[in-house]
Amino acid sequence: MPGSLREQVASPLASASDQMLADRAADGDLRAFEVLVRRYGPLMRVYATRVLGSNDETDDVVQEAFITAWQQLGTLEDGSAVKSWLMRIVSRKSIDRVRARRQHVNIDDADVPAPDEHAPHVLAETESQTEALARVLATLPEDQRRCWTLRELAEYSYGDIAAELGLPLSTVRGLLARARKTLLREMEEWR
């Protein structure tokens with residue numbers, strides 16, 4: 001014979017149908033709802049764990065589902081369908097939890113910062129430096145400017161520059177030396 005009064009009262013409910021338990025719980029019978037929780041809680045836990053991918057949030061989701069079920073039991077038309085109704089609730093709660101995770105992606109993880117050479121201040125400085133170099137090059141004598149441009153920008157060898165401009169190799173060396181000296185002096189502030 002069962003020892004406590006609670007066990008005697010709970011035992012008839014444990015074997016009751018879903019229809020009867022849902023109807024009684026809808027009328028405010030907490031013990032009937034407890035039987036539904038014990039009956040379907042483990043199944044709801046397994047389902048929530050599969051949707052969530054871990055046990056970390058399972059208990060919270062199942063608890064939220066039961067709270068919603070308790071609050072909305074009066075809207076359940078067919079008490080015999082309480083199992084599928086509870087599963088729909090836990091399914092929605094689980095999916096909502098997964099969606100909530102996606103909304104909180106750290107933007108620092110998703111958005112890679114631009115390289116330093118593309119920073120606005122670096123681009124502005126580079127453009128200013130290029131303009132200053134163009135001004136200094138414009139002041140050089142034409143032969144110096146052509147020698148420097150072929151050597152530094154087109155990467156010609158001394159011999160190729162001499163052949164291109166029809167100048168002796170020693171003249172090319174002298175023109176390049178004077179052009180570099182002028183550029184170093186005029187571009188001192190950019191060093």
Side-chain angles (χ1 to χ4, degrees), residues 1-133 152-155 189-191:
M1 177 165 202
S4 72
L5 180 62
R6 183 177 183 130
E7 290 175 357
Q8 291 174 5
V9 173
S11 61
L13 284 177
S15 59
S17 69
D18 285 352
Q19 175 76 50
M20 186 179 102
L21 291 171
D23 291 343
R24 288 185 66 168
D27 290 337
D29 186 344
L30 190 56
R31 291 181 198 254
F33 189 69
E34 287 174 0
V35 173
L36 288 173
V37 169
R38 281 194 300 276
R39 189 176 287 177
Y40 296 114
L43 177 63
M44 292 169 69
R45 253 186 129 281
V46 168
Y47 181 81
T49 301
R50 289 202 183 252
V51 172
L52 296 169
S54 73
N55 288 330
D56 296 343
E57 300 170 297
T58 300
D59 290 332
D60 292 340
V61 168
V62 172
Q63 182 176 1
E64 289 172 17
F66 278 127
I67 290 170
T68 300
W70 176 254
Q71 293 169 343
Q72 296 179 1
L73 260 171
T75 65
L76 180 62
E77 293 178 16
D78 181 10
S80 63
V82 73
K83 176 182 176 183
S84 60
W85 183 69
L86 288 171
M87 294 306 290
R88 279 194 307 275
I89 294 172
V90 79
S91 175
R92 283 190 216 113
K93 296 287 182 186
S94 299
I95 291 169
D96 288 346
R97 187 65 64 108
V98 170
R99 284 182 183 146
R101 285 186 210 150
R102 291 187 188 146
Q103 293 173 356
H104 300 292
V105 173
N106 187 348
I107 194 160
D108 292 334
D109 295 340
D111 196 15
V112 178
D116 288 339
E117 64 264 12
H118 296 299
H121 72 281
V122 173
L123 292 175
E125 185 176 332
T126 302
E127 186 174 333
S128 295
Q129 188 177 20
T130 303
E131 289 172 2
L133 178 62
E152 301 301 330
L153 300 181
E155 298 180 353
E189 67 183 85
W190 293 101
R191 291 176 61 182

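Bear in mind the structure is a predicted one, so any value in this text is a computation, not a measurement.
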Q) Met44 and side-chain contact (heavy atoms from CB on, under 4.5 Å): which partner among Lys83, Met87, Lys93? A) Met87
Q: Using a 4.5 Å cut-off on heavy atoms from C-beta on, say whether the side chain of Leu86 contacts that of Val90.
A: no
Q: Indicate the atoms forming the closest heavy-atom contact of Ser80 with Asp78, along with that distance.
A: OG-OD1, 2.6 Å
Q | Over 12 foreign heavy atoms within 6.0 Å of CD, Glu131 | A | yes
Q | Inter-residue atom distance Arg50.CZ - Leu52.CG, 0.5 Å rounding | A | 12.5 Å
(Q) Please give me the minimum heavy-atom distance between Thr58 and Arg45, naming the atom from each residue. (A) CG2-O, 3.4 Å
Q: For residues Leu30 and Trp70, determine if any side-chain heavy atom of one lies less than 4.5 Å from a side-chain heavy atom of the other.
A: yes
(Q) Quick check against the 3.5 Å criterion: does Arg39 have a side-chain atom that pairs as donor or acceptor with the backbone of Ala14? (A) yes
Q. Looking at side-chain heavy atoms only, is the closest gap between Arg24 and Leu13 below 4.5 Å?
A. yes
Q.
Could you tell me if the side chain of Ile89 sits less than 4.5 Å from the side chain of Phe66, heavy atoms only?
A. no
Q.
Asp18 vs Tyr40, test: side chain to side chain contact (heavy atoms under 4.5 Å, CB included). Steps then yes/no.
A. CA-CA 10 Å; Asp18 285 352; Tyr40 296 114; 2.4 Å; yes
(Q) Are the side chains of Val82 and Leu21 in contact, using a 4.5 Å heavy-atom criterion? (A) no
**Q.** Pairwise distance CG(Leu76) to CG(Asp23) - rounded to 0.5 angstrom
**A.** 8.0 Å
**Q.** Min side-chain heavy-atom separation Trp85-Arg88 under 4.5 Å
**A.** yes
Q) Tell me, do Leu133 and Gln129 make a side-chain contact under 4.5 Å, heavy atoms counted? A) no
**Q.** Approximate separation, where rounding is to 0.5 Å, of Ser128 OG and Leu123 CG
**A.** 11.0 Å
**Q.** Which atom of Ala25 lies closest to which atom of Leu73, heavy atoms considered
**A.** CB-CD1, 3.4 Å
(Q) Can you confirm whether Glu125 is buried at CD, in the sense that more than 12 heavy atoms of other residues, nucleotides or ligands lie under 6.0 Å from that atom? (A) no
Q | Heavy-atom pair with the smallest gap, counting every atom of Ala48 and Val62 | A | CB-CG2, 4.2 Å
